[in-house]
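Okay, so here's the structure we're looking at.
Throughout, a chain's letter reflects where its sequence line sits, starting with A, and its residues are numbered from 1. Just so you know, these numbers use all the heavy atoms, side chains as well, and skip hydrogens, waters and symmetry mates.
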Amino acid sequence: MKKIIRQLILDAAQKAFENNEFNSNGFAEFTIEEPKADAHGDLSTNFAMVNAKTQKMAPRKIAEILISYIGNNHPVIEKTGIAGPGFINFFILPAAWYPVLSDIYEKDTKYGFSDMGKGQKVQVEFVSANPTGPLHVGHGRGAIVGDSAASLLSACGYDVHREYYINDAGKQIQTLGLSVFLRCKQIDGLTVDFPEECYQGDYIHDIASELKEEKGNWIYSVSEDEAVAFCSKFAADRMIIKIRTVLNTLGISFDNWYSEQALVDSGKVESVINKFRDQQLIYEKDDALWFKTEDFGDEKDRVVVRNNGQATYFASDIAYHQDKLDRGFDRIIDVWGADHHGYIPRIRASITASGKNEKQFVVILTQLVNLLRKGVPVSMGKRSGQFITLQEVIDEVGKDAVRFIFLTRNYESPLDFDLEVAKQKNNDNPVYYVQYVHARISSIIKKAREENQIDEKQIGKKQIMDIRFDEKAVAMIREPEEIQLIKHLARYPETLISGAEFMEPHRIAFYLMDLAADFHAYYNKHRVLTEDPDLTAGRLYLIFAVQKVIRNGLTLLGVSAPDSM
RNA sequence: GCGCCUGUAGCUCAGCUGGAUAGAGCAACGGACUUCUAAUCCGUAGGUCGCAGGUUCGAGUCCUGCCAGGCGUACCA
């Protein structure tokens with residue numbers, strides 16, 4: 001609809017210019033939006049105001065001329081008006097909204113999708129938590145935001161690739177192995193000194209038990225270094241399996257799990273360091289190798305190889321991001337926790353330094369999550385190993401609620417996640433509010449079938465076709481609440497586009513809550529199943545469309561759309 | 001100290017990247033189930049948009065400076 005109005009304005013403006021009523025046809029960019037007040041019509045444009053300069057005329061004068069060229073006989077326009085400082089308001093004929101419904105039936109599960117991305121290759125890397133411990137709610141937020149952003153991009157015509165980067169190299173993994181090795185010894189009754197820097201959580205003990213079961217006393221038959229190395233690999237593999245399992249329960253899967261160790265083994269880390277060294281972007285100081293990130297906007301230069309010869313995490317990360325771009329992605333998106341934000345300038349520096357366009361690299365920073373129970377913070381002491389895992393949170397409140405809660409906030413805002421609130425099934429927890437719409441509509445379908453208001457053939461595709469072309473039935477849709485619903489449905493495609501453009505999945509969640517509110521209000525005021533077959537058919541036609549959009553939106557957010565609740 | 005994020009109703013949060021009288025849920029108060037699911041709806045009340053300037057036809061939104069909270073500022077990841 002906005003497109004139609006936009007074209008209408010442009011055509012009228014052009015005509016006005018050709019008739020010398022406008023001074024210029026270099027029109028400024030204008031917007032079309034939905035006014036908050038009904039008195040301001042269905043759609044409104046600021047065309048006259050933003051063009052005051054290009055036309056050297058008063059906004060209201062411009063509006064008058066434009067309206068005279070738009071006229072009143074356009075098929076979708078009921079009337080137009082000028083208001084305030086120069087807004088032009090459009091009142092749309094109710095029947096002009098009906099094609100939105102047939103569009104929804106035609107596109108069905110793809111309604112709202114677009115080709116905005118034009119097939120561009122985009123990679124979204126998210127979670128990428130170290131396999132040294134279980135995921136917590138903070139990881140959950142990144143996982144859900146990343147996954148939904150990826151879905152959104154995919155719906156908007158991008159070729160999306162989901163990737164998890166496994167930090168399975170380096171000191172932390174050694175520490176993990178040592179922790180498991182020591183726990184193994186303890187299991188065998190040996191007294192050991194368990195250092196504070198080792199991982200304290202119970203899960204280490206569990207892994208040690210598993211290892212003992214599989215390998216018995218084998219670890220004592222080899223050197224301690226070899227044993228610890230084995231423990232590292234064993235533990236990391238187990239942790240990855242657990243991480244993968246939790247993510248699967250959230251409905252998240254990846255196209256690729258990328259191993260840091262494999263990256264190192266491939267020699268890519270070494271070769272990228274050598275390359276930058278040749279280009280004198282890496283230099284030696286105090287027996288360490290430094291990357292000149294400061295030349296590219298970072299606060300200071302950063303170490304890539306320590307004076308003990310060990311490469312830093314940054315070194316592999318440089319190689320990793322080079323590799324991503326080498327794989328041909330037009331855009332690479334990293335989803336990180338806000339505590340990593342200091343890391344952005346150095347990665348960006350490494351990308352710029354290699355001659356790539358830094359705009360191809362985008363970071364989504366999700367702010368931290370405060371886990372609460374009844375308003376009281378739940379202790380998240382990492383050192384003690386006493387913390388609530390993501391798995392436990394999902395078990396307690398359910399996957400749909402967890403996902404939706406994370407998606408009803410802008411990821412840039414810190415988030416209070418209250419376990420008790422998340423469990424409630426009221427409007428403090430809007431996932432049920434939205435799902436209830438879907439269930440209610442399913443229930444109406446069921447009821448209609450029982451009462452033979454629609455017969456079996458009408459439940460399938462045939463029924464939809466029958467109703468769609470039944471103009472008599474569609475024409476019965478004319479209550480203000482019904483037109484309101486259709487207008488809302490018409491906004492879905494542009495909601496997806498803006499959501500994908502800004503990579504803000506929460507826009508979809510809020511859209512769904514608003515649509516749900518409109519539906520519940522309608523449901524309480526009007527009956528769908530009536531004595532009048534045409535009226536009933538028309539209303540069924542409308543609410544099926546609502547159900548389709550609710551389902552599409554929930555699917556995009558990874559939330560189920562139940563038929564009964 | 002410097003950098004990033006946040007500050008909107010008692011609480012949790014939106015505000016469509018500058019538009020018209022700042023919105024929703026929860027909590028409070030008052031109503032609506034012989035009806036397609038009351039996990040719902042309708043109504044009332046609730047605000048110096050952290051503070052102060054600036055930019056312009058117009059600012060919650062953009063700029064500057066303060067205030068408060070969070071995070072970061074390693075040869076950790």
What do you reckon, are the aromatic ring centroids of A/F126 and A/Y164 less than 6.0 Å apart?
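That pair fails the under 6.0 Å test.
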If you look at every strand shown and take non-hydrogen atoms under 4.0 Å, does [X] touch a base, only sugar-phosphate, or nothing?
| X | result |
| --- | --- |
| A/K36 | sugar-phosphate |
| A/D301 | nothing |
| A/R409 | sugar-phosphate |
| A/D286 | base |
| A/K300 | sugar-phosphate |
| A/N307 | base |
| A/F87 | base |
| A/A439 | base |
| A/T132 | nothing |
| A/N46 | base |
| A/L415 | sugar-phosphate |
| A/H526 | base |
| A/P430 | nothing |
| A/A288 | base |

Can you tell me which nucleotide in [options] comes closest to the side chain of [X]?
| X | options | answer |
| --- | --- | --- |
| A/F510 | B/rC13, B/rA38, B/rC75 | B/rC13 |
| A/T312 | B/rA77, B/rU40, B/rC13 | B/rA77 |
| A/N130 | B/rC71, B/rC41, B/rA77 | B/rA77 |
| A/R302 | B/rA14, B/rA74, B/rA39 | B/rA74 |
| A/L529 | B/rA39, B/rC36, B/rU6 | B/rC36 |
| A/N410 | B/rU73, B/rA14, B/rA77 | B/rA14 |
| A/E412 | B/rA14, B/rC75, B/rU6 | B/rU6 |
| A/S44 | B/rC71, B/rA20, B/rU73 | B/rA20 |
| A/N524 | B/rC41, B/rC75, B/rG3 | B/rC41 |
| A/R527 | B/rC41, B/rG19, B/rU35 | B/rU35 |

Between [N] and [M], how far apart are the two [atom1] atoms, rounded to whole Å?
| N | M | atom1 | result |
| --- | --- | --- | --- |
| B/rC16 | B/rG72 | P | 30 Å |
| B/rU8 | B/rA45 | P | 23 Å |
| B/rU34 | B/rG23 | P | 35 Å |
| B/rC71 | B/rA32 | C1' | 48 Å |
| B/rC41 | B/rG3 | P | 47 Å |
| B/rG10 | B/rA28 | C1' | 10 Å |
| B/rU6 | B/rG50 | P | 12 Å |
| B/rG58 | B/rA14 | C1' | 22 Å |

Any side-chain N or O of [X] less than 4.0 Å from the OP1 or OP2 oxygen of [N]?
| X | N | result |
| --- | --- | --- |
| A/H506 | B/rG15 | yes |
| A/Y433 | B/rC41 | yes |
| A/R507 | B/rG15 | no |
| A/Y522 | B/rC41 | no |
| A/K447 | B/rC36 | yes |
| A/S413 | B/rA14 | yes |

Does the [X] side chain pair with the main chain of [Y], one donor and one acceptor, at a distance under 3.5 Å?
| X | Y | result |
| --- | --- | --- |
| A/T536 | A/T530 | yes |
| A/N89 | A/G41 | no |
| A/D168 | A/Q261 | yes |

A/P505 versus A/L557, closest heavy-atom pair with distance:
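That closest heavy-atom pairing would be O-CD2, 3.9 Å.
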Over 60° means perpendicular and under 30° means parallel, so tell me whether A/Y492 and A/Y511 are parallel, tilted or perpendicular.
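If you compare the ring of A/Y492 with that of A/Y511, the planes turn out tilted.
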Over 60° means perpendicular and under 30° means parallel, so classify the ring planes of A/F30 and A/F47, tilted if in between.
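Rings of A/F47 and A/F30: perpendicular, as their planes differ by over 60°.
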Verdict with reasoning, A/R277 to A/E284, per salt bridge (charged side-chain N to carboxylate O under 4.0 Å, His left out)
CA-CA 9 Å; A/R277 227 177 157 171; A/E284 195 172 337; 3.3 Å; yes
What do the steps show when you test A/F404 against A/Y432 for ring-ring contact (aromatic ring centres under 6.0 Å, His included), and what is the final call?
CA-CA 9 Å; A/F404 209 81; A/Y432 301 111; 9.3 Å; no
Interatomic distance where CD belongs to A/Q172 and C1' belongs to B/rA74 [whole Å]:
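It is 14 Å, rounded to the nearest whole Å.
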Expressed in angstrom and rounded to an integer, what is the separation of A/K525 atom NZ from B/rC41 atom C1'?
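Value for this atom pair: 11 Å.
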Would B/rC33 be called syn or anti, given that syn covers angles within 90° of 0?
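That one's syn.
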Can A/H40 be said to stack with the base of B/rA20, given centres closer than 5.5 angstrom and planes under 30 degrees apart?
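Stacking between A/H40 and B/rA20: present.
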